[in-house]
Structures are given as structure tokens and as C-alpha cells.
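To start, the structure itself, in C-alpha cells.
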2 protein chains.
Amino acid sequence: MNTKNYSLDNEQLARFAKAMGHPARITILQFLASLDCCYFGDIHNELPIAKATVSQHLKELKDAGLIQGEIETPKVKYCINQANWELAKVYFNEFFNSIHLKEVCCTTVD
Amino acid sequence: MNTKNYSLDNEQLARFAKAMGHPARITILQFLASLDCCYFGDIHNELPIAKATVSQHLKELKDAGLIQGEIETPKVKYCINQANWELAKVYFNEFFNSIHLKEVCCTTVD
DNA sequence: TTCGTAGTTCGCAAAATTACGAACAATTTT
DNA sequence: AAAATTGTTCGTAATTTTGCGAACTACGAA
């Protein structure tokens with residue numbers, strides 16, 4: 001993204017989080033994961049957006065490594081990328097569980 | 001964001017994920033959580049970016065509900081919003097754990 | 001060969017994100 | 001009163017994101 005130095009782990013976690021940062025993409029991931037496997041058209045049917053936009057969201061998920069696609073002419077089959085899915089799961093788990101909150105320090109939420 | 005209808009849960013999860021979708025914000029959250037509490041200046045020292053930009057990132061985390069701030073003149077104290085932090089934890093856990101992958105369906109990652 | 005199906009890519013527009021320096025407030029110190 | 005400290009807000013710029021329709025590719029069917 002830029003040349004600022006953040007840890008690689010933080011960059012990877014941010015990349016996963018960013019890919020999940022849109023309701024359409026969350027919906028796609030849940031749908032895909034619940035079926036194990038399906039075609040573009042099935043995904044498009046689940047979403048209230050144009051196919052060009054669905055295609056873009058799928059590309060972003062693919063670039064982030066969370067899903068993978070396979071051409072089965074004339075259709076395109078999509079599924080979860082299991083290895084990276086497990087990786088993301090580990091990253092988020094570590095992120096949330098390595099932290100043990102002790103006290104509330106700020107009382108105001110301005 | 002727009003008027004498309006996604007489930008409220010998906011919108012909430014996407015909102016949390018989006019807030020986590022930048023390495024600077026991941027760094028802030030980890031730092032804050034490791035200390036329980038600290039001041040703006042401490043956060044700024046951890047990051048390779050200008051204070052105005054840090055302030056913007058803090059605002060986004062606050063808007064997403066993940067942190068909270070309190071003025072302690074002339075400083076500003078920040079900490080994790082514990083209730084929403086737990087909520088996010090639950091959302092991500094459910095998202096990743098409710099899913100049981102069975103088979104690999106796509107072999108190609110084009 | 002022409003048509004239909006299934007998706008991707010292109011071109012565009014609007015909006016949001018990221019980043020910075022400068023200006024500004026609010027208090028404390030000198 | 002003047003100066004220093006601590007952050008936020010403003011104005012601006014560059015880039016990215018989101019979204020759509022239209023054009024395009026690739027294949028199979030009529």
C-alpha cells in the first residue's frame with residue numbers, strides 16, 4: 001500500500017480485514033462457505049447489485065486470498081480458499097484472544 | 001452506506017472489519033489493548049504518520065465503536081471500548097467458526 | 001453461421017480514504 | 001502577558017473504492 005513500516009502480520013491482518021470490510025463481501029463469504037462451492041450466477045442471485053460489481057467484489061476476495069475460482073466453461077465456479085481461510089481465522093483469533101483487558105480507563109465516549 | 005439490503009449482522013461485521021482494514025489501525029488497537037490505556041502522544045509515537053492522520057484513524061475507530069476517548073486536559077486518553085470489543089470478538093468468532101468446510105471444489109487459483 | 005448463455009473487462013462517475021501542513025483551541029508554564 | 005504543550009479541525013490533493021451499463025470473450029446450441 002505504501003512504504004510505511006508496519007509489521008508483516010499487521011499488514012496481513014489488515015488485508016484480510018479490508019477484504020471483509022463490505023457487507024456484499026461478507027455475504028459472499030458466508031454464502032460460499034455454507035455451500036462449499038457454487039457458480040457466479042448463484043452468488044449474483046444472492047446480492048442486490050449488478051453483475052459487474054459482483055465480479056469486482058469477487059476479484060477483491062480472490063486478491064486477498066480468501067476465495068478461489070475455477071473456469072468450468074461456460075460457468076465459473078467459486079469456493080473458499082481453505083488454507084488462507086484457516087490462516088485468517090488464526091490471525092483474527094490471535095488478535096482478539098491475545099488481549100486481556102484489565103480495567104476501564106475512559107468513562108466518556110465523546 | 002447505501003440502501004441495499006444486507007442483514008444487519010453482516011453490516012455490523014463489515015463495519016468492524018472495515019475499521020480494522022488498515023495496518024495503522026490494527027497497530028493502534030494492539031497497542032491500546034496491550035496497555036489498557038494511554039494518551040494520544042503515546043499512540044502517535046508508535047506510528048510513522050503525521051498527528052493529523054493519527055487523529056483521523058482514531059476517529060474512525062471511535063466511530064466504529066472499537067475505542068473510546070476521554071479528555072484529560074491538556075491530553076486525551078484513549079482506550080478500548082470493552083463492550084464493543086467483546087461484540088466484535090463474538091461476531092468474528094461466529095463468522096469463522098460457524099463454517100465447516102467439507103471438500104475442496106476448486107483446484108485452480110487463477 | 002447466428003444466437004443465447006455466462007462472466008469479465010472497460011470506461012466512466014461519484015464518493016470515500018489516506019495523508020499532510022497549517023491554523024486553531026485550551027490549558028500550563030515561564 | 002507571552003510562550004509552550006497537546007490534540008483536533010480545516011483545506012487540499014492524490015488515490016482507491018463502489019457502482020453501473022455497455023462492450024466484449026468464449027463456448028454451445030439452433
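Chain identifiers are assigned alphabetically (A, B, ...) following the order of the sequence lines, protein sequences preceding nucleic acid strands; residue numbering begins at 1 within each chain. The model shown is predicted, which means the values in this text are computed figures rather than measured ones.
When distances run from any side-chain atom of T53(B) to the nucleotides dT8(C), dA19(C), dG19(D), the shortest one goes to dA19(C). Here the side chain of A52(B) is nearest to one of dC20(D), dG21(C), dG7(C), namely dG21(C). Of all nucleotides listed (dT8(C), dT27(C), dA6(C)), dA6(C) comes nearest to the side chain of P74(A). Here the side chain of F40(B) is nearest to one of dT18(C), dG7(D), dA22(C), namely dG7(D).
Residue K18(B) has a polar side-chain atom (N or O) positioned under 4.0 Å from OP1 or OP2 of dT17(C). In this structure, H22(A) reaches the dG19(D) phosphate: one of its side-chain N or O atoms is under 4.0 Å from OP1 or OP2. For dA6(C), neither phosphate oxygen OP1 nor OP2 lies less than 4.0 angstrom from any side-chain nitrogen or oxygen of H44(A). Note on S55(A): a side-chain N or O is less than 4.0 Å away from OP1 or OP2 of dT8(C). Side-chain N/O atoms of H57(B) include one lying less than 4.0 angstrom from OP1 or OP2 on dA19(C). The side chain of Y78(B) places an N or O atom within less than 4.0 Å of a non-bridging phosphate oxygen (OP1 or OP2) of dT8(D).
Regarding I49(B), its CD1 atom lies at a distance of 15 Å from the P atom of dG7(D), rounded to whole Å. Rounded to an integer number of Å, the gap from CD1 of I43(B) to P of dT8(D) is 9 Å. Residue L58(A) contributes atom CG, which lies 10 Å from atom P of dG7(C) at whole-angstrom precision. One atom, CZ of R15(A), and another, P of dT17(C), lie 20 Å apart when rounded to the nearest Å. Rounded to whole Å, the distance from CD1 on I67(A) to P on dG7(C) is 13 Å. Note: CD (E70(B)) to C1' (dT8(D)) measures 17 Å, nearest angstrom. dG19(D) atom P lies 10 Å from atom CD1 of I28(A), rounded to whole Å. Rounded to an integer number of Å, the gap from E72(B) CD to dG7(D) P is 10 Å.
Positionally, the nearest nucleotide of DNA chain D for D42(B) lies more toward the 5' end than for the other of D42(B) and Q56(B). For E60(B) and K51(B), each mapped to the nucleotide of DNA chain C holding its nearest heavy atom, the one lying further toward the 5' end belongs to E60(B).
Distance check, rounded to the nearest 0.5 Å: CG of L32(A) to SG of C38(A) gives 4.5 Å.
Transitive grouping of hydrophobic side chains (ILVMFWY, heavy atoms separated by less than 4.5 Å) keeps I28(A) and Y39(A) in distinct clusters.
When side chains are defined from C-beta on, H57(A) counts as touching T53(A), because their heavy atoms get closer than 4.5 Å.
Ring pair F92(B)/F96(B) is parallel by interplanar angle, where below 30° counts as parallel and above 60° as perpendicular. A tilted orientation is assigned to the rings of F95(B) and W85(A), their planes being inclined by 30° to 60°.
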